[in-house]
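Report on the following structure.
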Amino acid sequence: DRSTAPAQLWRALRAARRGAAARVELALGEPHDEGGAVVVAVPLELVRQGDRGAMASAITAARIEIELGQDGAQAIVDGARVPEPARTPAQLATLLELLTRALPREHAVRLSLRAGPDYDTLLDTAIALGGGARPRFAVIGWVGDDGSTATAARPDAVAPWRLQRRAQWAAQSEVAIDQPFALVADDQARLHAFAQTLPRCLPELTQGERPPRRAAAPGPAAALPTVTVAITLESGRVTAITPRPVPGVGAAGLAALQACVQDEAWSLRLREHGDRIAITLAASAG
């Protein structure tokens, strides 16, 4: 009920958590085109410290946390707090759009609640995170105070720059495949699908990177170089991944890119080609 007082809502949520509920559904009645109303529900998964399973692991390991209070929603990314909170729905939409572009592999988000958010704010935030025909996140989890990173997170002045930088790398969405010969049957399609995952890993090139002086705030984006990664396949599997040096990117960034591509490569399995094949992927802005 939208008229639920914040204090009453907070007590109800904490009671659900203490009662070992696994999920709370936030519901909203919306007018239907053909008359009447339809109820839209956005699930909020409840995770406790020590919980196991794929769902709990995904929420606990999520790199994005949204802290919600009476003064708006604040993002915490990799333990660093983005200084400026989103106080309006438009600001929240802008923030979430940046987060999804900067961390394109993140499908789960943690939600931490400070005592005080009203039902409208909680519901609108949940809808922005996981509602609609194309939700920004597949899973929203409330971990409670024992699993939140919000308490320890400190404002990071370069966080906006870092997010913009990650989003800029992710925009290098044109991927060219240099291969010795075309693969047969569906193997070429499988290779192509794997190649298209490379842009999702490019933001990891920012690992260890620091902004130039007086660049803590986002500024005009300079063109980024093409990123080239050498791939070796044997027995239908990826056996070696070697990112080529990238101007301005250090060893930590290249190692993070390699680990990310390796993670994406687990799903690739060629059916018709067991021989050794060396290919090169090159990602650019097109």
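Side chains included, hydrogens not; waters and symmetry mates left out as well; all remaining heavy atoms used.
Taking the side chain as every heavy atom from C-beta outward, Q172 and L224 approach each other to under 4.5 Å. Two residues are said to be in side-chain contact when any heavy atoms from C-beta on lie closer than 4.5 Å; W169 and V249 meet this criterion. For the pair I279/I277, a side-chain contact is recorded, criterion being any heavy-atom separation below 4.5 Å from C-beta on. Put simply, the side chain of V238 does not reach to within 4.5 Å of the side chain of W266, judged on heavy atoms. Between E67 and R81 the shortest side-chain heavy-atom distance falls below 4.5 Å. The shortest distance between side-chain heavy atoms of E65 and V109 does not fall below 4.5 Å.
Of all heavy-atom pairs spanning L254 and P245, the tightest one is CD1-CA, 4.3 Å. Nearest heavy atoms, G130 versus P135: O-CB, 3.4 Å. Heavy atoms only, all atoms of each residue included: P104 and H107 are closest at O-CE1, 4.1 Å.
A salt bridge links D156 with R162: at least one charged nitrogen is closer than 4.0 Å to a carboxylate oxygen.
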- Task: Please lay out, stage by stage, how T232 and R276 fare under the test side chain to side chain contact (heavy atoms under 4.5 Å, CB included).
- Result: CA-CA 7 Å; T232 302; R276 187 176 187 274; 3.8 Å; yes
- Verify side chain to side chain contact (heavy atoms under 4.5 Å, CB included) between I231 and L233, making sure each step is shown before the conclusion. CA-CA 7 Å; I231 306 286; L233 299 103; 4.1 Å; yes
- Please test E272 against L183 for side chain to side chain contact (heavy atoms under 4.5 Å, CB included), starting from the C-alpha separation and ending with a verdict. CA-CA 8 Å; E272 306 295 333; L183 306 185; over 6 Å; no
- Message: side chain to side chain contact (heavy atoms under 4.5 Å, CB included) for W142 and V24? Distances and angles first, verdict last.
- Response: CA-CA 10 Å; W142 179 32; V24 172; 6.0 Å; no
Can you give me every donor-acceptor pair (side chain of residues 190-206, partner residue at least two apart or in another chain, under 3.5 Å) with its distance?
{"unit_1": "R190", "atom_1": "NH1", "unit_2": "D187", "atom_2": "OD1", "d": "2.8"}
{"unit_1": "T197", "atom_1": "OG1", "unit_2": "F194", "atom_2": "O", "d": "2.6"}
{"unit_1": "R200", "atom_1": "NH2", "unit_2": "E264", "atom_2": "OE1", "d": "3.1"}
{"unit_1": "R200", "atom_1": "NH2", "unit_2": "E264", "atom_2": "OE2", "d": "3.4"}
{"unit_1": "E204", "atom_1": "OE1", "unit_2": "Q207", "atom_2": "NE2", "d": "3.3"}
{"unit_1": "E204", "atom_1": "OE2", "unit_2": "R63", "atom_2": "NH1", "d": "3.1"}
{"unit_1": "E204", "atom_1": "OE2", "unit_2": "R166", "atom_2": "NH2", "d": "2.7"}
{"unit_1": "T206", "atom_1": "OG1", "unit_2": "P203", "atom_2": "O", "d": "2.8"}

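One N or O on the side chain of Q74 and one on the backbone of P83 form a donor-acceptor pair closer than 3.5 Å. A donor-acceptor contact shorter than 3.5 Å links the side chain of H273 to the backbone of V184.
Qualifying side-chain contact (heavy atoms from CB on, under 4.5 Å) partners for R52, counting only residues two or more places apart in sequence or in other chains: none. In this structure A86 satisfies the side-chain contact (heavy atoms from CB on, under 4.5 Å) test together with Q91, L92, L95, sequence neighbours excluded. For E209, the side-chain hydrogen bond (donor to acceptor under 3.5 Å, both in side chains) criterion is met by R165, not counting sequence neighbours. Every residue was checked against the salt bridge (Lys or Arg N to Asp or Glu O under 4.0 Å) condition with R269, not counting sequence neighbours, and none meets it. Under the side-chain hydrogen bond (donor to acceptor under 3.5 Å, both in side chains) criterion, Q188 pairs with Q179, sequence neighbours left out. Remark: R136 engages no residue in a side-chain hydrogen bond (donor to acceptor under 3.5 Å, both in side chains) (not counting sequence neighbours). Under the rule for a side-chain contact (heavy atoms from CB on, under 4.5 Å), the partners of T226 that lie at least two apart in sequence or sit in another chain are T228, A282, S284. Take D263 and apply the salt bridge (Lys or Arg N to Asp or Glu O under 4.0 Å) test, not counting sequence neighbours, and it matches R105. Evaluation of the side-chain hydrogen bond (donor to acceptor under 3.5 Å, both in side chains) rule for D186 yields no partner, not counting sequence neighbours. Residues meeting the side-chain contact (heavy atoms from CB on, under 4.5 Å) test with A259, sequence neighbours left out: none.
Taking CZ of R23 as the start and CG of L44 as the end, the distance is 9.5 Å to the nearest 0.5 Å. Note: I177 CD1 to T280 OG1 = 10.5 Å, rounded to the nearest 0.5 Å. Distance check: T100 OG1 to L98 CG gives 8.0 Å after rounding to the nearest 0.5 Å. The line from CG of D178 to CG of L281 is 9.5 Å long, rounded to the nearest 0.5 Å. Residue I64 holds its CD1 atom at 5.0 Å from CG of L99, rounded to the nearest 0.5 Å. One distance of note links CD1 of I66 with CZ of F137; it measures 6.5 Å at 0.5 Å rounding.
Each of L129, I127, L123 was scored for a side-chain contact (heavy atoms from CB on, under 4.5 Å) with T125, with one residue passing: L129.
Cluster membership check: L103 does not share its hydrophobic cluster with L257, using side-chain heavy-atom separations under 4.5 Å among Ile, Leu, Val, Met, Phe, Trp and Tyr.
Within the structure, side-chain hydrogen bond (donor to acceptor under 3.5 Å, both in side chains) contacts touching residues 237-260 (residues at least two apart or in different chains) do not occur.
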